[in-house]
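Just below is one structure, and these are the notes that go with it.
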Amino acid sequence: MTRLPHEKGFHISWDQIHRDARALAWRLDGKGPIEGNWKAVVGITRGGLVPAMIMARELDIRTVDTISVKSYNHQARTEPHVIKPPQADIMGADGEGVLIVDDLVDTGRTLELVRTLYPKAHFATIYAKPMGVPMVDSYVTEVSQDTWIFFPWDMALQYVEPYRGTDA
Ligand SMILES: O=P(O)(O)OC[C@H]1O[C@H](OP(=O)(O)OP(=O)(O)O)[C@H](O)[C@@H]1O
Ligand SMILES: O=c1[nH]c(=O)c2nc[nH]c2[nH]1
Ligand SMILES: [Mg+2]
């Protein structure tokens with residue numbers, strides 16, 4: 001296991017990821033290889049499921065599947081492996097026409113593995129770190145490699161002390 005140093009935190013709200021996933025969908029609209037269309041959206045579980053759903057809704061795509069890849073135990077990186085593949089007839093021989101979506105690309109190891117399986121698919125993530133950029137075809141926002149991205153499903157609202165403290 002490799003534990004990476006993360007100096008900064010980038011905290012994403014539900015509203016932010018909703019807007020970013022929509023923006024990514026709009027950018028890819030009409031860009032599929034089959035008369036501009038995409039034949040399916042495949043989310044890389046688990047993080048890719050929320051953006052995949054939002055993008056499939058925007059692009060009016062009803063064929064939605066998942067590929068389950070596990071690469072991290074909390075913030076510690078492990079060797080990525082496929083736990084559940086998508087349906088073979090959706091992916092075809094090489095993934096052509098399929099939009100494969102994840103929440104982020106970090107080292108690029110997850111997408112590298114999925115790319116070897118489906119080299120002609122289009123790989124889209126909402127966020128990207130520099131090491132992973134070569135592995136992704138489309139993304140919305142880049143953050144530095146030493147930033148840990150906190151997604152809304154991993155957070156909860158909680159009380160914070162006022163900046164000037166309290167009298168108690
Ligand atoms: O570019 P990489 O360094 O491979 O990292 C990116 C991957 O890591 C996270 O998934 P994780 O394995 O933590 O599983 P999860 O989506 O179920 O949270 C994230 O959702 C990406 O899929
Ligand atoms: O929630 C997460 N934030 C990250 O920055 C990250 N990098 C890999 N996997 C990740 N998961
Ligand atoms: Mg993931």
Side-chain angles (χ1 to χ4, degrees), residues 1-29 31 38 41-61 64-84 86 98-115 121-168:
M1 269 192 208
T2 320
R3 202 169 175 93
L4 306 166
H6 293 103
E7 300 280 329
K8 301 166 206 145
F10 186 50
H11 298 81
I12 308 292
S13 66
W14 284 108
D15 184 55
Q16 186 68 51
I17 197 157
H18 193 183
R19 287 169 190 271
D20 288 341
R22 279 185 153 158
L24 184 57
W26 298 343
R27 200 186 298 166
L28 294 173
D29 187 25
K31 303 276 167 48
W38 301 102
V41 173
V42 170
I44 302 180
T45 68
R46 295 162 301 179
L49 290 185
V50 168
M53 176 270 158
I54 296 166
M55 292 174 70
R57 189 261 181 191
E58 291 304 305
L59 297 171
D60 194 26
I61 296 170
V64 180
D65 203 348
T66 59
I67 175 169
S68 181
V69 180
K70 186 165 191 288
S71 310
Y72 285 80
N73 250 335
H74 300 288
Q75 293 192 19
R77 188 157 59 78
T78 57
E79 202 51 45
H81 58 282
V82 176
I83 296 173
K84 189 220 78 99
V98 176
L99 202 48
I100 300 186
V101 177
D102 208 349
D103 52 356
L104 79 135
V105 60
D106 186 321
T107 63
R109 299 285 299 281
T110 303
L111 291 192
E112 189 180 23
L113 171 66
V114 181
R115 256 184 195 283
H122 187 100
F123 290 83
T125 66
I126 310 297
Y127 306 107
K129 300 187 194 179
M131 268 179 80
V133 164
M135 283 294 142
V136 69
D137 299 310
S138 307
Y139 64 91
V140 180
T141 301
E142 185 170 341
V143 302
S144 64
Q145 200 67 42
D146 62 353
T147 297
W148 188 260
I149 302 171
F150 291 92
F151 288 99
W153 47 86
D154 287 331
M155 295 188 290
L157 286 178
Q158 64 170 31
Y159 176 78
V160 288
E161 288 291 333
Y163 183 62
R164 295 194 59 164
T166 53
D167 291 336

Please step through side chain to side chain contact (heavy atoms under 4.5 Å, CB included) for the pair Val69 and His81, ending with a clear verdict. CA-CA 6 Å; Val69 180; His81 58 282; over 6 Å; no

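- The minimum heavy-atom distance linking Ser144 with Lys8 is given by the pair OG-NZ, 3.3 Å.
- Taking both residues in full, the closest heavy atoms of Val101 and Ala52 are given as CG1-N, 3.8 Å, listed atom of the first, atom of the second, then distance.
- Residues satisfying the side-chain contact (heavy atoms from CB on, under 4.5 Å) test with Arg19, not counting sequence neighbours, are Asp15.
- For the atom pair CG (Leu99) and CG (Leu59), the distance works out to 7.0 Å, reported to the nearest 0.5 Å.
- If you take CD1 on Ile17 and CD1 on Ile126, they are separated by 5.5 Å, rounding to the nearest 0.5 Å.
- Taking CG of Asp20 as the start and OG1 of Thr125 as the end, the distance is 11.0 Å to the nearest 0.5 Å.
- Here Ile100 contributes atom CD1 and Trp38 contributes atom CH2; the two are 10.5 Å apart, rounded to the nearest 0.5 Å.
- Considering all non-hydrogen atoms of both residues, Phe123 and Val136 come closest at O-CG2, 3.4 Å.
- Relative ring orientation between Phe10 and Tyr127 is described as perpendicular, the plane-to-plane angle rising above 60° on a 0-90° scale split at 30° and 60°.
- Atom CG in Leu113 sits 9.0 Å away from atom CD1 in Ile44 (nearest 0.5 Å).
- One side chain, His122 or Ser138, offers a donor N or O that lies under 3.5 Å from an acceptor on the other.
- Ser68 is not listed as a side-chain neighbour of Val82, based on a closest heavy-atom distance of 4.5 Å or more.
- Under a 4.0 Å N-O distance rule, the pair Asp102/Arg46 does not qualify as a salt bridge.
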Thr147/His6 under side chain to side chain contact (heavy atoms under 4.5 Å, CB included): CA gap, chis, key distance, verdict: CA-CA 5 Å; Thr147 297; His6 293 103; over 6 Å; no

How far apart are the C-alpha atoms of Val50 and Asp103, what are their side-chain angles, what is the distance that settles it, and do they pass the side chain to side chain contact (heavy atoms under 4.5 Å, CB included) test? CA-CA 8 Å; Val50 168; Asp103 52 356; over 6 Å; no

Residues Lys84, Ile67; criterion side chain to side chain contact (heavy atoms under 4.5 Å, CB included); working and verdict: CA-CA 6 Å; Lys84 189 220 78 99; Ile67 175 169; 6.0 Å; no

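- Two residues are said to be in side-chain contact when any heavy atoms from C-beta on lie closer than 4.5 Å; Glu112 and Thr107 fail this criterion.
- Going from atom OG of Ser13 over to atom NE2 of His18 covers 11.5 Å, rounded to the nearest 0.5 Å.
- Looking at residues two or more places apart in sequence or on another chain, you find no salt bridge (charged side-chain N to carboxylate O under 4.0 Å, His left out) involving Asp29.
- For residues 122-141, the pairs satisfying salt bridge (charged side-chain N to carboxylate O under 4.0 Å, His left out) are Asp106-Lys129, Arg115-Asp137, with sequence neighbours left out.
- Using cut-offs of 30° and 60° on the angle between ring planes, the pair Phe150 and Trp148 is perpendicular.
- Across every non-hydrogen atom of Val133 and Ala128, the tightest pair is CG2-CB, 4.0 Å.
- Between Met155 and His11, the closest heavy-atom pair is SD-CD2, 3.6 Å.
- Remark: the backbone N or O of Met131 is paired with a side-chain donor or acceptor of Gln145 at under 3.5 angstrom.
- When side chains are defined from C-beta on, Val105 does not count as touching Thr110, because their heavy atoms never get closer than 4.5 Å.
- Among all heavy-atom pairs drawn from Ala25 and Glu58, the shortest one is CB-CB, 3.7 Å.
- A donor-acceptor contact shorter than 3.5 Å is absent between the side chain of Lys70 and the backbone of Pro80.
- Sparse packing is recorded around OH of Tyr163, with 12 or fewer heavy atoms of other residues, nucleotides or ligands lying under 6.0 Å away.
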